[in-house]
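Contents: one structure, followed by commentary.
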Amino acid sequence: MAKIIDKSEHYQIIVDRFLERGVKLEDIAEITYDLQKKYISQLTLELCLEHVKKVLMKREVQHAALTGLELDRLAEENLLSEPLQSMLLNDYSLYGIDEIMALSIVNVYGSIGFTNFGYVDKMKYGIIKKLDEEGKKTGKCYTFIDDIIGAISAAAASSLAHRFA
Ligand code: MG
């Protein structure tokens, strides 16, 4: 039977998979910073990064991230069957499971998480915008990762909001 590893090992695997896709935790923390800077005067990027890391240590978050990152990779390597293969590779607009899955991340922090995620999803800034543009130009699949990044940054923003409330 395959082994089930612990939370810190999962954390490291996710950090590495993000890096393989050109995403650093600092990029995610930057979105969190933009979301919270007007509400928390003493906010720093470092503090945001701390909360991003904290979010990534949560089991529900790890499971959603692992699943989404894997589906993007499989689609990019043409390993899925149709019709899912084309839907994911082309980021088909009526396919909304990427967003639904991201909600399981923001859900960890209650309703403020949902509000923040909706905002990030609409604004598409920072690393999310970069991936979005790259996905359209190259045959890369960033269907799940953009929502995962948005959700983690929103969850970290909510975690900060709770702490400074
Ligand atoms: Mg998406």
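Start at 1 and go down the list; that is how both ligands and their atoms are numbered.
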Heteroatom count (protein N, O or S) under 2.8 Å of the Mg ion (ligand 1): 4

Asp27 side-chain N/O to Lys24 backbone N/O, donor-acceptor pair under 3.5 Å: yes

Asp146 (side chain) donor-acceptor with Ile128 (main chain) under 3.5 angstrom: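 Between the backbone of Ile128 and the side chain of Asp146 there is no qualifying donor-acceptor contact (under 3.5 Å).
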
Sequence-distant partners of Arg73, side chain to side chain donor-acceptor pair (under 3.5 Å), two or more places apart: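 Expected list: Glu70, Glu77.
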
Donor + acceptor pair across side chains of Arg163, His51 (<3.5 Å):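 His51 and Arg163 do have a side-chain donor-acceptor pair below 3.5 Å.
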
Show me, pair by pair, the donor-acceptor contacts under 3.5 angstrom made by side chains of residues 90-106, not counting sequence neighbours?
residue, atom, partner, partner atom, Å
Asn90, ND2, Ser86, O, 2.9
Ser104, OG, Met101, O, 2.6

Considering only distance and modelled atom types, tabulate donor-acceptor pairs under 3.5 Å from the side chains of residues 30-40, sequence neighbours left out.
residue, atom, partner, partner atom, Å
Thr32, OG1, Ile28, O, 3.4
Thr32, OG1, Ser153, O, 3.1
Asp34, OD1, Lys37, NZ, 3.1
Gln36, NE2, Ala157, O, 3.1

